[in-house]
*Asks:* 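Sharing a structure, written as structure tokens. Questions coming.
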Amino acid sequence: MKILFCKAAGLFGGIALAVAGLVAAEPAEPNLGDLSIEQLMNESVTSVAKKEQRLFDAAAAISVLSNDELRRSGATTIADALRLIPGMDVGLIDANQWAISARGFQGLYANKLLVLIDGRAVYNPLFGGVFWDVQQVFFEDVDRIEVIRGPGATVWGSNAVNGVINVVSKSARETQGGYVYGAAGDVHQVQSGLRYGGTAGEHGFYRVYADYHSIDDFPTASGGQGGDNWSAWQSGARVDHYPDDATHVTGQADFTRVRLEEGKSSAYNANALGRWTHAMPGGSNLEVTTYFDRSVLDEASRVHAVGDVFDATLQHTLAAGGRQEFIWGVGYRNETTTVRPTNAFIALINDRARAQIFSAFVQDEIKLISDRLRLTVGSKFEHNDFTGWEIQPSVRATFKLSPSQAVWAAVSRAVRTPSDFEHEKLFAVTGAPIFVGPVPYFTTLYGNPAARSENLLAYEAGYRAQVSRHVSVDAALFYNQYRDLLAAQLTGRLFPDTGPFPGTGRAEQLVTNSQSAETYGGEFTITVAPSDRLRLTVSYSRLAIQAHSASVLDAETLERSSPSQQAALRCNYDFTKRTSVDFDVRHVGSVLLVPAYTTADLRLSFRLTDRIEGVLVGRNLLQPHHPEQPPAPGPVLPITEVPRNFYAKLSWRF
Amino acid sequence: MLLAAAALSPARLPAEVSKEYQVKAAFLYNFTKFVEWPTQHFAHEERPILIGILGRNPFGEELDKILRGRKVAGRELEVKVLASPEEAKTVDVLFVCEGEEQRLAGLWQPLLKAGVLTVGESGRFGELGGMVVFLLEGDKVRFSINLGQAEQAQLKLSAQLLKLATAVRRNP
């Protein structure tokens with residue numbers, strides 16, 4: 001580890017020297033001051049005032065992390081950045097596996113959260129959930145991360161049950177010029193990347209980027225090494241073309257390759273996306289998006305899986321005369337998965353699964369009582385090959401008590417469709433044995449073609465207030481009813497002499513809709529900005545889960561899957577225009593097998609010039625290491641803990 | 001589906017300067033090129049043109065960046081974030097952030113006397129007697145002009161600027 005660190009430091013030093021050598025020749029930066037007043041009249045701006053209003057009015061528990069907040073968090077992955085959002089449950093299982101959910105059901109296969117990167121769903125159809133290690137983004141070029149806690153299925157469809165995360169990149173127009181960074185650390189050993197953006201013709205812009213990260217082993221509780229080190233290479237490009245004032249065409253593609261466990265496992269993701277948006281006279285808007293995504297997992301401990309997704313959507317927004325905004329859309333999605341076991345504990349039954357999904361949605365937003373009441377009514381209608389029709393309606397309302405105070409409430413339905421594994425007879429997973437007399441029968445889990453979708457009926461309410469120019473408050477409450485939750489259940493059927501070892505048998509276990517649950521809780525955030533230079537955010541969230549299952553153990557596993565309370569204090573302070581400090585302290589309640597913990601992060605930033613920034617970051621500072629999540633089910637791996645770690649980063653804009 | 005996402009959820013007070021304010025900053029710089037102050041307005045040849053900001057500075061460093069190294073009519077330009085509304089009389093262009101209009105109560109006449117070009121971004125600002133009011137049309141920044149007020153302040157606005165304004169009011 002020491003040697004690697006030295007190498008990393010050497011690389012870092014090299015970049016620093018290169019950067020220092022290049023400072024002297026600063027090319028002129030494109031400056032809006034160079035534009036004539038006529039040209040300025042044609043500059044597009046996204047209306048912040050209107051947007052803030054929109055956020056304030058939104059009848060959902062929404063948080064947004066801006067690019068600035070992202071950078072100031074010191075996080076190095078999207079997954080870690082989500083810790084900033086109150087009510088998000090984020091935990092590392094080991095160096096390369098995250099358990100992320102909102103409002104409960106946290107785990108490696110947390111399958112009730114829909115994550116989109118520039119509109120591309122990165123939800124894995126085979127297992128359900130997100131493989132966060134192959135979902136890297138070039139941080140500097142992220143415009144914002146929008147997080148909705150609670151269902152978003154009316155717009156986004158199935159699997160947007162407990163929340164929706166939208167990672168939105170900047171356009172190529174907004175990322176002109178060069179940016180290079182390098183960082184070295186003790187655990188996050190190397191972070192380096194380069195982006196360059198330029199123009200293509202009179203109305204076109206492009207950018208290309210590449211980055212590389214490597215992360216060392218996390219420690220085990222006893223001080224050993226977890227063997228969970230990993231590295232990720234990523235590169236990609238984006239083109240934005242504006243043929244006329246009303247039309248915007250985007251094309252983007254990324255390739256990510258991840259190497260895990262000393263090369264014993266690997267994964268890659270390749271995707272390409274195209275989007276065309278056109279503003280029509282009268283305020284209506286048409287958008288067509290299509291993408292292809294291939295994810296390949298080659299895991300020593302599970303399977304080799306190739307997942308291909310093709311997706312196309314059309315969406316039309318109609319501003320129907322001031323008081324109403326009507327949106328409708330249609331979509332088609334095709335998912336194919338091919339699997340091959342890589343482990344003796346996985347037995348192949350079928351090597352291929354395919355699903356087609358047809359969908360449509362309508363949503364109408366109506367303003368009433370001199371615009372003080374906003375009512376949003378809509379539904380998604382979806383048809384998939386597994387479970388047939390799924391209807392996911394919602395009703396949302398916001399009432400403005402005053403220009404600076406609003407209350408909102410919502411009732412919505414959302415479903416999670418069974419994953420390929422849960423529904424198709426793809427492969428059987430061998431688990432721990434049960435004993436019938438002296439004979440061990442290994443539990444063997446099969447998918448179930450009769451599995452139905454899990455469904456949620458969610459009741460939510462919230463309050464927002466801009467108390468003064470310096471203080472704002474955001475609170476949300478929820479009560480969720482889950483029915484038909486899928487869980488592994490023993491069928492009672494025993495097959496003697498078929499087990500993995502001589503003289504052992506198998507006990508059949510089937511995925512069935514055998515659980516239900518109720519959850520309730522809330523999130524509260526207060527932001528105080530006494531001056532331009534100081535901003536304090538305090539948040540608290542609470543969650544209770546009541547699970548109903550045939551097995552007491554299963555019910556407890558579900559009830560203790562997510563922390564019952566979390567609290568955080570975040571502080572951003574600018575000493576001067578060029579130096580700033582950010583720190584946070586967070587407390588996360590206990591989950592099954594893992595005690596509660598409190599830790600802190602610190603980031604110092606020095607802007608040496610307008611273009612060069614040096615950053616020092618320390619994370620998880622309050623203890624040498626702490627566990628966050630129990631290990632994933634499967635072959636026993638050492639339980640790893642999250643270590644205190646440091647890195648130094650230098651970036652240069654040119 | 002990003003559009004629907006945007007409809008549901010857009011950004012809260014971003015610490016980074018939004019494009020809207022980058023563009024407004026560039027407009028402020030441009031306005032100085034199209035305004036002629038009375039001859040006795042500037043105490044001496046070297047005095048820079050001062051752009052004052054009343055309220056929480058929404059431009060960050062953007063305005064400084066635009067003005068750095070530039071000259072208008074031979075004068076340098078400087079930004080001044082005002083500590084109190086009283087200081088408004090000491091600048092040449094005053095930008096009043098939304099929500100700060102009422103803090104100018106009682107100062108409108110002195111501002112006219114001092115020959116300050118007042119620029120705001122709310123309808124309320126226009127009603128109270130502001131000279132230039134920014135507004136958003138779709139995703140473009142536009143402005144309207146109250147020429148009567150400008151004339152009372154002895155400011156000459158160029159025909160080119162008036163032509164670009166979405167509306168020009170002549171009554172004071």
Side-chain angles (χ1 to χ4, degrees), chain A residues 29 31-33 35-38 40-52 54-56 58 60 62-64 66-69 72 116 118-119 143-144 146 148 152 155-156 164 166 168 174 275 277 279 285 287 289 313 315 317 325 327 329 363 365 469 472 529 532 535 572 577 610, chain B residues 1-31 33-34 55-58 60-70 77 81 97-100 121-122 136-143 158 160-161 163-164 166:
Chain A
E29 191 182 25
N31 188 319
L32 283 170
L35 299 185
S36 72
I37 194 161
E38 286 87 349
L40 279 177
M41 308 271 302
N42 285 322
E43 275 297 305
S44 287
V45 297
T46 39
S47 155
V48 168
K50 215 156 121 194
K51 278 180 157 187
E52 280 167 12
R54 284 278 200 167
L55 179 62
F56 194 77
I62 289 178
S63 305
V64 177
S66 66
N67 176 285
D68 191 62
E69 286 173 294
R72 293 187 76 151
L116 301 115
D118 289 327
D143 184 65
R144 63 188 186 276
E146 305 169 349
I148 299 168
V155 175
W156 287 279
V164 182
N166 263 306
V168 183
E174 294 166 294
R275 178 175 293 117
T277 55
N285 198 303
E287 178 177 307
T289 304
T313 53
Q315 185 176 305
T317 310
E325 189 177 86
I327 308 177
Q363 182 174 296
E365 187 185 297
R469 277 204 309 140
S472 66
D532 285 355
R535 183 184 166 110
N572 308 119
K577 278 185 175 179
D610 281 354
Chain B
M1 296 278 166
L2 281 181
L3 192 108
L8 246 177
S9 70
R12 95 186 129 191
L13 311 161
E16 208 164 45
V17 178
S18 66
K19 184 71 186 296
E20 178 184 342
Y21 283 96
Q22 292 178 19
V23 169
K24 283 182 176 174
F27 266 112
L28 285 180
Y29 159 63
N30 264 281
F31 289 157
K33 296 192 251 182
F34 298 103
R56 193 191 157 112
N57 179 8
E61 290 178 48
E62 210 55 44
L63 191 53
D64 297 272
K65 257 191 231 165
I66 287 171
L67 299 182
R68 197 171 303 148
R70 291 184 201 274
L77 299 120
V81 178
C97 300
E98 189 165 12
E100 301 287 324
E121 51 180 347
S122 67
L136 290 169
E137 273 184 9
D139 64 348
K140 307 279 198 294
V141 177
R142 298 279 188 264
F143 56 90
S158 81
Q160 193 188 353
L161 189 68
K163 206 175 72 198
L164 291 171
T166 48

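In what follows, chains carry the letters A, B, and so on, assigned in the order in which the sequence lines appear, proteins first and then strands, with residues in each chain numbered from 1.
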*Asks:* Closest heavy-atom contact between V64(A) and E69(A)?
*Replies:*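 It is O-OE1, 3.5 Å.
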*Asks:* Mind ranking E100(B), K24(B), K33(B), E121(B) by heavy-atom pairs under 4.5 Å with chain A and telling me who comes out on top?
*Replies:*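 Counting heavy-atom pairs under 4.5 Å, the top option is E100(B).
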*Asks:* Examine whether an atom of Y29(B) lies under 4.5 Å from a heavy atom of chain A, and if so say whether it belongs to the side chain, the backbone or both; otherwise answer neither.
*Replies:*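 It is the side chain, since no backbone atom gets that close.
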*Asks:* Does any heavy atom of chain A fall under 4.5 Å from the side chain of Q160(B), the backbone, both, or neither of them?
*Replies:*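 Only the side chain of Q160(B) comes within 4.5 Å of chain A.
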*Asks:* Roughly how far apart are L32(A) CG and Y21(B) OH, rounded to 0.5 Å?
*Replies:*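 It is 15.0 Å, given to the nearest 0.5 Å.
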*Asks:* Sort L67(B) into side chain, backbone, both or neither according to what part of it lies under 4.5 angstrom from a heavy atom of chain A.
*Replies:*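 Answer is neither: L67(B) stays 4.5 Å or more from chain A.
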*Asks:* Kindly write out the residues that satisfy side-chain contact (heavy atoms from CB on, under 4.5 Å) with T166(B), not counting sequence neighbours, or none if the list is empty.
*Replies:*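 Listed in chain order: L135(B), E137(B), R142(B), S144(B).
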*Asks:* What pairs with R70(B) under side-chain hydrogen bond (donor to acceptor under 3.5 Å, both in side chains), at least two apart in sequence or on another chain?
*Replies:*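 Partners of R70(B) under the side-chain hydrogen bond (donor to acceptor under 3.5 Å, both in side chains) test: D34(A).
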